[in-house]
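Both counts, for ligands and for their atoms, begin at 1 and track the order of listing.
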Amino acid sequence: MSNLISYKRLIDLKYFQHLFSPISSFRDYHSKQGVFGFKPKIHSPLSNNAVFDESSTSVSRNQNPNLLRLVEAYRRHGHLKAAIDPLNLHEAQNVPELCPSFYGLPDVDHNLNGILNGWETNASTSDVVDQLEKLYCSSTGIEFMHVESIEEREWLVNEYEAINSQEVDPVTKKEIAEAMILSQNFDNFVGAKFPTVKRYGGEGAESCIPFYREIFKLAASFDAHHVFMCMAHRGRLNLLTGMLNCPYELMFSKMKGRNELPVGTKGIGDVLSHLTSVTKLNFDGKTVSVTMLPNPSHLEAANPFTAGRVRAEQQKIQEGDYGTGNMGDRVVCLQVHGDAAVSGQGVVQETLAFSQVPHFNVGGSLHLIVNNQVGYTTPADRGRSSRYCSDVAKSIGVPVIHVNGGDPEAVVRAARLAWNYRKTFQRDIFVDVLCYRRWGHNEMDEPTFTNPVMYSAIHSRSCSIPEAYCQKLVEEGVMDQAANQNLLTNHTNQMSFAFKEADSYSPSATPTYSQTATGDVTSWDTGVNLDVLRWVGARSVHIPSDFSLHPTLKRGHVDARLNKLLAGANLDWSTAESLAIASLLYQGYDCRISGQDVGRGTFSQRHCMLVDQKSNEICIPMNDLGTDGTQGHLEVANSILSEEAVLAFEYGNSIGRPDALCIWEAQFGDFFNGAQIIIDTFVTSGETKWQLQSGLVMILPHGFDGAGPEHSTCRIERFLQLTDSREDVADCDDINMQVVNPTTPAQMFHLLRRQLIRPYRKPLIVAGPKLLLRFPAAVSSLQDLAPGTSFKSVLDDNLESPANVRRVVFVSGKHYYALNQQRQEKGVKDVAIIRLEELCPFPALEVQKLVTKYSNAKEFIWSQEEPRNGGAWNFVEPRFRNVVGINLRYSGRPVLAAPAVGVSAIHKVEAANLMKDIFSS
Ligand SMILES: Cc1ncc(C[n+]2csc(CCOP(=O)(O)OP(=O)(O)O)c2C)c(N)n1
Ligand SMILES: [Mg+2]
């Protein structure tokens, strides 16, 4: 629908009301009432305001359609002509739609009421064009006509035209100039003192500093109490020291190669350009906390992590979907991107894709693109297929403001518009600041090898952006040259002092969660009173009387669970998982389970979220345990089909809510590898690099059942390789993450509870069940969950005569059941099968005890269903040899290029061979 038609339709009030009808009709997520962590948005934010003056506005619009078309053309296409490149490298584009003659408009007077903001009287066509050129084709170009909602577009027109018609006040001008000149001074100082340090300076992009300042200032003035931000390397050090109170002593100490962590801290630290800060800023008596989160070098990976961290904070203070007000009013997400990275990295799209999705929405993120028009050596036309580096924003229909970084006041206006838009609509918005990069990718890199024309423009500039702006303010009488010089001298003195102090600087401790794991191996009583378990178990399937439950679920889920609880036996996997979660909720802990289709469960096993068969309403029974409000809450976050961004979001959430159980489940185990970046750079190494403890649980359905190369394995070998378990001495609790392959529901129950009961946090990687979810032998009793019970890292066999055992088979995961079944069928009595339920930390002590127990055994075997180059073999073999002191024989599939064969007949032969190897000799 063209805008013209849409405006005409506005005369019809019925159509108008239809536009503002509940958004839930478009995105109803099954629930009109909402569930924990999601409140349906019933009214659009402005529905009570008169955005349109129905009578006069529409009449004048309809009386002068050609003028409206011209004005609309500027709003739609003005950015194509805007002077947004400070290097002026591109020829101005001729845009025919911006000529009055295109619409047959003579230069006559028009009534502008309702057509051009702030112009209520008559004006000539040429006056209108002048005004439109100023608004839409000077230092700022805005793209917003792709925004779906007419209400938002109207708002944007009004707000943009109003903000861009205002003069920036002299106080702000001075603050802009000072912030930029100090940033430049920092770069000059560091350049002189540390000529070989890669600082990825802010030179050429200094006008981003006033952007940050304006956002922090607005946050404080609107009573937002926390901004969480992520950014890559460019200008990061300038922001950290110049505005975020990162001590110069710390910065220079790090530049001198010293550790940013206090002496005695167990950790490896991170590189200079990943330094972080947590600080409070004060503006006009109002404060706001700003946290610069850590990030890995993998560009853009920190975006979803930041969003998850923000959402955790929002839950903590019960904002928006968790309580009152709008999401994002008090906790704000700011993401800073580079131009090449934002166009190239898929995680950007994934993160935007969930930005408006229930349980992932943070009330909109503010995005700044530090667009220096080059990525390493790659210029824009090689770095993307789209016109703008920000074009991914259009996939979610949010506005983009392109602004010339050479005009810092325009950048500040863009910041204001972005803030107001996000605050009003709780949606993302992008500000694309076009600037330049003074040096090569880093300060020692030679940029003219590859971009001579761009760098000839950069080198021939008569002065820098901060200098040009200060000069302008001096001419305007806003700034005093001498005072400016004074400011610089003081700043340089301050940095010189810090430079000397840096050698003796001792960094302060980074807060860690409660306690850190020790060098012990501990066991935790994670059992629960049986009456409590019966109660919460029954409530986990208790639904309101007027709820229309699917008959199959009534029988197979609700009644079946109640019967099992009554009998206290045959508890299946899903019941044990529910009991773990529900008992934690009962104790007041919150839980969040996220991933694709987790509410029902990929294998239709979980059903912690039930859907009314008549109304589509959702019921999450575990959120009503009948405890009079003392219980915690379960958030069921059925996610978009992403692994990387969603896992990073959950990791961020787990960092922000160490007091809550946070579970991410992959649809099938192997799909985790879409999130490998997050696993490598956050999950496995976040604690050692940044001292962040995460108790995130990753459930990865695993097991060879003939499903083929994919869907068979969670590549447990890769997780084991990523641990810092040692193969020469026994492991302890203080390991970077735990990797388990539990075989009974009770074991899963204890593992989940252990995550919260312990006073420290470690990520838990679970090779999760598929077949075992409903396997008759893989069941537990209530007694297995009783007080005094706990997770067992090794499960011994229960043979009557251990002394008769001649062969001990060590195994991990569901393969145990196949071996056991075969043993029973063959009546074998002298083969013991021992399950390693926890692979990392490697349970050397328990294994050693069992080796002693089966002292007459002649052979120790490792049997696995995975190919030899997969599974746990390469991990356990040296540990058995070096730590336990026995040599294992390998029994399993031969090496394979893919994890599993795709031909079921071959799979069956292989499976039979595994049994033969153990029991036929
Ligand atoms: C995922 C990933 N791939 C490659 C790199 C190597 N790298 C570091 S910076 C950079 C260029 C980034 O360009 P841009 O996003 O425009 O930021 P700029 O350096 O220009 O500020 C590249 C390719 C990286 N850090 N991360
Ligand atoms: Mg760049």
Side-chain angles (χ1 to χ4, degrees), residues 84-87 89 183 187 197-209 211-212 229-240 270-274 294-305 335-351 367-386 388-393 402-405 430-447 449-451 454-455 457-458 465 643-645 648 673-682 685 689:
I84 52 177
D85 177 9
L87 296 178
L89 289 175
S183 173
D187 274 324
V197 162
K198 295 175 185 174
R199 66 192 141 87
Y200 308 104
E203 295 136 301
E206 288 94 343
S207 53
C208 294
I209 299 280
F211 175 92
Y212 301 125
M229 67 178 297
C230 55
M231 75 184 286
H233 46 285
R234 191 71 56 204
R236 182 179 174 118
L237 307 186
N238 309 57
L239 176 63
L240 281 172
D270 204 348
V271 297
L272 176 67
S273 57
H274 299 169
N295 59 296
S297 292
H298 292 66
L299 295 165
E300 307 291 339
N303 308 347
F305 160 63
Q335 301 176 25
V336 183
H337 317 270
D339 55 311
V342 80
S343 5
Q345 291 293 306
V347 71
V348 176
Q349 185 274 332
E350 288 187 25
T351 309
H367 299 264
L368 169 72
I369 305 177
V370 184
N371 182 355
N372 53 22
Q373 313 188 58
V374 61
Y376 219 111
T377 69
T378 308
D381 63 352
R382 297 291 163 102
R384 58 180 186 260
S385 296
S386 57
Y388 294 114
C389 61
S390 56
D391 277 359
V392 67
H402 307 283
V403 56
N404 188 326
F430 280 71
V431 175
D432 171 25
V433 175
L434 282 92
C435 49
Y436 63 89
R437 190 185 70 190
R438 175 74 182 79
W439 311 104
H441 175 62
N442 60 61
E443 290 69 23
M444 284 140 293
D445 200 54
E446 178 49 64
F449 292 155
T450 47
N451 291 289
M454 175 187 270
Y455 273 83
I458 292 171
I465 289 172
E643 284 78 27
E644 181 174 3
N673 56 16
Q676 190 70 59
I677 289 174
I678 307 306
I679 292 160
D680 290 347
T681 63
F682 289 93
S685 51
K689 289 191 295 189

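For atom 9 (S) of ligand 1, the closest non-hydrogen atom on the protein side is His441 CE1, 3.1 Å. The shortest contact between atom 16 (O) of ligand 1 and any protein heavy atom is with Asp339 OD1, 2.6 Å. Of all protein heavy atoms, the one lying nearest to atom 2 (C) of ligand 1 is Leu299 N, 3.9 Å.
At least one side-chain heavy atom of Tyr388 sits under 4.5 Å from a side-chain heavy atom of Ile84. Here the side chains of Val342 and Glu300 are in contact, with some heavy-atom distance below 4.5 Å. At a threshold of 4.5 Å between non-hydrogen side-chain atoms, the residues Met454 and Arg437 do not count as touching. The shortest side-chain heavy-atom distance between Asn404 and Leu434 does not fall under the 4.5 Å cut-off. You'll find the side chain of Glu350 stays beyond 4.5 Å of the side chain of Asn303, heavy atoms only. At a threshold of 4.5 Å between non-hydrogen side-chain atoms, the residues Thr450 and Tyr376 do not count as touching. With a 4.5 Å cut-off on side-chain heavy atoms, Arg199 and Trp439 count as touching.
At a distance under 4.0 Å, a protein heavy atom can be found next to atom 12 (C) of ligand 1. The presence of a protein heavy atom under 4.0 Å from atom 22 (C) of ligand 1 is confirmed.
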side-chain contact (heavy atoms from CB on, under 4.5 Å), that's the test. Do Arg438 and Asp187 meet it? Break it down for me. CA-CA 11 Å; Arg438 175 74 182 79; Asp187 274 324; over 6 Å; no
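The Mg ion (ligand 2) is closest to atom OD1 of Asp339 (considering only N, O or S atoms).
Here Leu240 contributes atom CG and Ser273 contributes atom OG; the two are 10.5 Å apart, rounded to the nearest 0.5 Å. Separation of atoms NE2 (His233) and NE2 (His441) is listed at 4.5 Å; rounding is to 0.5 Å.
Each of the following atoms of ligand 1 lies closer than 4.0 Å to a heavy atom of Ser297: 24 (C), 25 (N), 26 (N). Heavy-atom contacts of Gly338 reach the following atoms of ligand 1: 14 (P), 15 (O), 16 (O), 17 (O) (cutoff under 4.0 Å).
For Asn372, every heavy-atom contact with ligand 1 shorter than 4.0 Å involves the side chain, none the backbone. Contacts between Glu300 and ligand 1 below 4.0 angstrom, taking non-hydrogen atoms only, are absent altogether. Under 4.0 Å from ligand 1, the heavy atoms of Val374 that appear belong solely to its backbone.
The closest approach between His233 and ligand 1 falls below 4.0 Å for a heavy atom of the residue.
When only interatomic distances are considered, the shortest N/O to N/O separation between Ala341 and ligand 1 falls below 3.5 Å. Considering backbone and side-chain N/O of Ala340, one or more are found under 3.5 Å from N/O of ligand 1. Between Arg437 and ligand 1, a contact under 3.5 Å exists for no N or O pair. Residue Gln345 has no N or O atom closer than 3.5 Å to an N or O atom of ligand 1.
In this structure, a donor-acceptor pair under 3.5 Å is present between the side chains of Asn295 and Arg236.
Among the backbone and side-chain atoms of Ala340, none of the N, O or S atoms lies under 2.8 Å from the Mg ion (ligand 2). For residue Asn372, an N/O/S atom approaches the Mg ion (ligand 2) to within less than 2.8 Å.
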